[in-house]
Amino acid sequence: MTALAATSAPSAWWQSRGVRRFMRHRLAIVGLVMIAALTLACVLGPYLLPYDALYIDLRARFSPPLTGSHYLGTDPLGRDLAARLLIAGRISLLVGFFAMLLSTLIGTVIGVVAGYWGGWIGAALMRFVDAFLSFPSIFLLLALAALLEPNPLMITLIIALTSWMEVARIVEAEVRSLRERDFVLAGRMLGLRSMHIMFREILPNAVGPIIVAATLTVARAILLEAYISFLGYGIQPPLPSWGNMLNGAQQYLASAPWLAIIPGIAITMAVTSFNFIGDGLRDALDVRSDHF
Amino acid sequence: MFGYLLNRLWQSIVLLVIVSIIGFAVLNLIPGGPLSQFALTPGMTQEAMDRIAEQMGLNRPLPVQYLDWAWRLVQGDWGTSYRDGQPVLNVIGRHVFATLLLMGTSTAISIAIGTWIGIRGATHRYSLFDYTVTVGAMIALSIPTFWFGLVGIYIFSLKLGWLPAGNMYTIGDGSALNYLRHLIMPSVVLSLVNVAIWSRYMRTATLDVINQDFVKTARAKGLTERRVLMKHVVGNALIPMITLAGMQLPGLLGGALVTETVFTWPGMGRLFLDSLGYNDYPVVMGLLMFSAILVLIGNLIADLVVAAVDPRTRLD
Amino acid sequence: MTDKIRNASTTTRRQALKMMALTGVAGIFAPNLLGKPAFADTPPSKPTGRIVIGFSQEPTVFNPLMPRIEVDDGVHFSLFDALFRIDPEGRFQPALAAEVPTTENGGISKDGLEWRIKLRDDVKWHDGTPFTAEDVKFTLELVVDPNFRSWRTAGHSLVRNITVVSPTELTWQMETAFAPYLSILADTFIVPKHVLEPEQDRNTAPFNNAPIGTGPFKWANRVAGDHLELVANPDYYGEGPYVERLVYKYIPDLTVLYTQFKSGDIDIIGSQYITPDNFDEAKKLPGKVVNLVPSATVECIYLNLGRPQFQDPAVRQAIYAALDKQTIIDALYYGLPTPTESYMPQQSFYYNPDLPKHEYNLERARELLDGAGWKPGSDGIRAKDGVRLSFTNSTTSGNHLREQTQQFIQQSLAEIGIEMSISNLPPAVMWGEYWTKSQFDTVIVGIIFMTGADPDVTSRFHSGAITIKGGRGANNGQYANEEVDTLLEEGGRTFDPEARRAIYNKVQEKIRADLPLLPIFQTVTVRGHKAGIEGIVPNINTRIDTWHAAAYRWKK
């Protein structure tokens, strides 16, 4: 996403669908179905499987997929991979979702304030945004993960802390362009409080780009969790996450490749779904962007 | 123009100060320290570590340490690595080549393939090709690169034995072929995401150009479609790509980090991870400043190019 | 079971050998200085060929007196010499010294306070300058120089009045008798006075990145983050070197390290060696020699006795009884390591083989806890007087085998009503103040408790070595036992190996009874090299395999 995003006039988005949008929407629907299925599996699946995600059975270690009722095989401690994958999915999806909520919230507030007030407050806030953007995000992530205790809550916070800048930029640009519009000026003349104007009058007009950015942030957050857990700085065992299931897998790549392959497919599926949905939403909400 | 540059420079310096303060604070708040790697050496004691920390100036108050570091940096002294006692710039310098080689190869692959896909996608819009590539690109962007790397190692190194599983070259074999064999997998893995990005941008840019008047005029003059494409469309569509290349500069560190880890590639990403693991603050701070400066230069280039190409933008 | 028998028999045989070696003959040696096996053919007259050794950590410290990790040691052994070295049987062999000082040969006075060292007269530094007693004096003074980042002052700080008698002889006095000093000297590489003395700041001297030593190899070049190259020193005074170039290659990932060994890119797989899960495959590799080599590292659970949960001996015994060692060893470590009851390697002359045997018995663990009044609470976790049997366990994140061990133990402990949660940390955090200032509850760690072959463990178990109580040492588990204190002090003053053995056997008994740490096993490493390389001899008394790269050579 770049700051170039801008909504057209507030016309109804459903009025303009072309063939292309339909194609795109089909993808979005595929994404929606995929993520719904994944979520459902993660929520209900563990109750249907005969094994507990944490139960260690060293006699069954390294069973390949389809051994007895270990449908996806077992890990180096003989834990059922299917059960772990689904529990991991709960954690990874929740981390992704809440990181998105939090970063969108931070980004929106900062963006609205900076865009509405402008002047030195706006400039200072936007420099702050720029400063965060000039960090290689992996630096912040790993340094913060080493600093804080890497439990799911902290990982969520850390990811949110490195993902809010784009939303802030989008919202700031949006609000700045709307600030001088008639309906805002009218509001001011009516003596409405700034808070009211910012969040009730201006913000709703920027909802489109925010939703799109938020959806893509979920995708990004799931990937980031995987990266930091893979590097060993993320969620710690025995709690599984898609990322940390891959962490130990490289060592057993030759003898037990399924340990690496299966969680990777889950991550790819989830992230692809959110990217599909985000892309569809962008068209549907008529958000123009160079990024896709 | 001059005023603009001056202003940008001033803003950049403010940015660097903010980045360095945040970076320095976060790093130094991490418990442990550069000496903890020695704690398990038989005979090592806390007393010895305290003494050495004192000698290294590690127990001074943080603001003092920061100002000391910043003042030296201003004078051009990036500090000395705790780990091997070398000047930080030397340490970084010795890892730049490996990263440049990897990034350069990967960027070349991505530009070549990405440009082709993008143009073809734009000229054959809504074709099966366009559709497949669009979906493919989105999936490519969703694959964790390290996982793609692992799958590659499994297939091409462990199962087929065609390619080495890691490293940049075999000791004692400095031939280009040897480098090439080691380069294939990491650069292809790294290109996966970049091809996706490049092709999408290229497609958008080409579409923008195709519908413009001068292209229509060229067509009207009776030029062949191929000529129009090569002469007018591609050239103009590539201009924004320069901006993109500028924006990619900062990816030098972050983008390659995970790939370098999976393939044990001796570049800056690995250096960063190793230095972070040993709490080698001077090197980590050096890398941080290095990449922050790259980001700023990248942004500046991007803005300047946009301004030069697009007369509607004025720099003030 | 067969493993145990095999180990027991070799241990006794070795012990007999060592007893013979240590009682009296310590100064007289056969010309075969390195204790190497005889070669099949005569050694080459000129160093030829190149050997590439892979390490999974990067050697970065080349001043051997500064803080260092084991792979740094591996390089120091090739570049430098100490006065003595310790051979695989635990005997001292002269290196730069002409003979090993003993009370018998008059090198050490009867009270242990007067030391006299005679040096070789045929040693040259890599730059051609002759090596003399001045270099030794300079080194021993540098390690206690308050401006120098010396990693160890223990032992050295007792040395007084170093006097150079002649270029090949020097004497000094010790403030108190300190038997482990011989081992410390064997671990103190001598650095050149003529290079380092003129330097303003020895901490940042160019020497530290282009070292000049007396060892079998000279510094050639280093590509940071990748490899390090040494070349043969043709003027080496000792045996070897036989290869012209020695390359230490840094390969940060154990899987890649192993695949590079398999593909022949590296000739010797160095520290951290082959992972246990690959042993079965590795020993069948054509053209490779792979064998099991015990290391002095003892894998154990360290308990922080400062925590109220662990002050009750019944709790420590119960946790130990709930530790399914054999399953950990057999399943997670593929049966390679040796279960142990002591912190001391079983090959050591001082090892006590008669310690009570551990028995995995959950029922017994429950009885112990019930008997001591630890009753399960409503959440199933036992508690007593408001103290819950709940604690964290930490290890270095990314060490997969330890992480698996942890999770397995966690499950066993849960069955007897003990809650163990896992809190792993990156290495730089883990081994910082968290470890040295006793901020942990429990950790799983592999530790070498020996100083070379010396059994002194004062810094680990003496009550005066608890850092957070103002002590000097590394007694991070805060173990305090007056009897052990007395024994350790006595052991430090005693030079007679037999008398020391009695003392340290008793220390091991006390530690086994008190269980300040729960020993799991003694590590066995899987090492490998190409079939054509000769002269590789493991040495349990050094912490790195490349302690005598001088003898490595390619078979003709």
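First the proteins, then the strands, lettered A, B, ... as listed; each starts at 1.
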- Query: Taking everything shown except Arg72(B) itself, do over 12 heavy atoms lie less than 6.0 Å from its CZ?
  - Reply: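 No, not enclosed.
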Quick one: what part of [X] sits under 4.5 Å from any heavy atom of chain B, side chain, backbone, both or neither?
X: Ala154(C); result: neither
X: Val52(C); result: side chain
X: Asn208(C); result: neither
X: Trp151(C); result: both
X: Thr259(C); result: side chain
X: Pro67(C); result: both
X: Thr458(C); result: neither
X: Phe449(C); result: neither
X: Met430(C); result: neither
X: Arg543(C); result: side chain
X: Asn147(C); result: backbone
X: Arg50(C); result: side chain

Do you know which of [options] has the most heavy-atom pairs under 4.5 Å to chain C?
options: Ala165(B), Pro31(B), Gly166(B), Pro164(B); result: Pro31(B)
options: Leu271(B), Val262(B), Leu40(B), Leu35(B); result: Leu40(B)
options: Thr264(B), Leu276(B), Asn279(B), Asn90(B); result: Thr264(B)
options: Arg83(B), Met168(B), His95(B); result: Arg83(B)

Atom [atom1] of [X] and atom [atom2] of [Y]: how far apart are they, to the nearest 0.5 Å?
X: Thr41(B); Y: Asp72(C); atom1: OG1; atom2: CG; value: 8.5 Å
X: Glu54(B); Y: Arg149(C); atom1: CD; atom2: CZ; value: 12.0 Å
X: Ile171(B); Y: Asp226(C); atom1: CD1; atom2: CG; value: 5.5 Å
X: Arg94(B); Y: Arg222(C); atom1: CZ; atom2: CZ; value: 6.0 Å

Ignoring hydrogens and angles, state whether a donor on the side chain of [X] or [Y] is under 3.5 Å from an acceptor on the partner side chain.
X: Thr467(C); Y: Gln46(B); value: no
X: Gln260(C); Y: Asn167(B); value: yes
X: Asp274(B); Y: Tyr250(C); value: yes

Can you tell which of [options] has the highest number of heavy-atom pairs within less than 4.5 Å of chain B?
options: Pro426(C), Gly473(C), Pro146(C); value: Gly473(C)
options: Ile69(C), Val61(C), Asn209(C); value: Asn209(C)
options: Val256(C), Asn476(C), Val445(C); value: Val256(C)
options: Ala474(C), Pro252(C), Gly452(C), Gly225(C); value: Pro252(C)
options: His227(C), Arg152(C), Glu58(C), Glu433(C); value: His227(C)

Looking at every non-hydrogen atom in both residues, tell me the closest pair between [X] and [Y] and how far apart they are.
X: Ala428(C); Y: Ser36(B); answer: O-OG, 2.5 Å
X: Phe148(C); Y: Gln55(B); answer: O-NE2, 3.1 Å
X: Met49(B); Y: Thr436(C); answer: CE-CG2, 3.3 Å

So which part of [X] gets closer than 4.5 Å to some heavy atom of chain C, the side chain, the backbone, both or neither?
X: Arg51(B); answer: side chain
X: Met56(B); answer: both
X: Ile30(B); answer: side chain
X: Leu158(B); answer: side chain

- Query: Thr60(C) side chain to Asp84(B) main-chain N or O, any donor-acceptor pair under 3.5 Å?
  - Reply: no
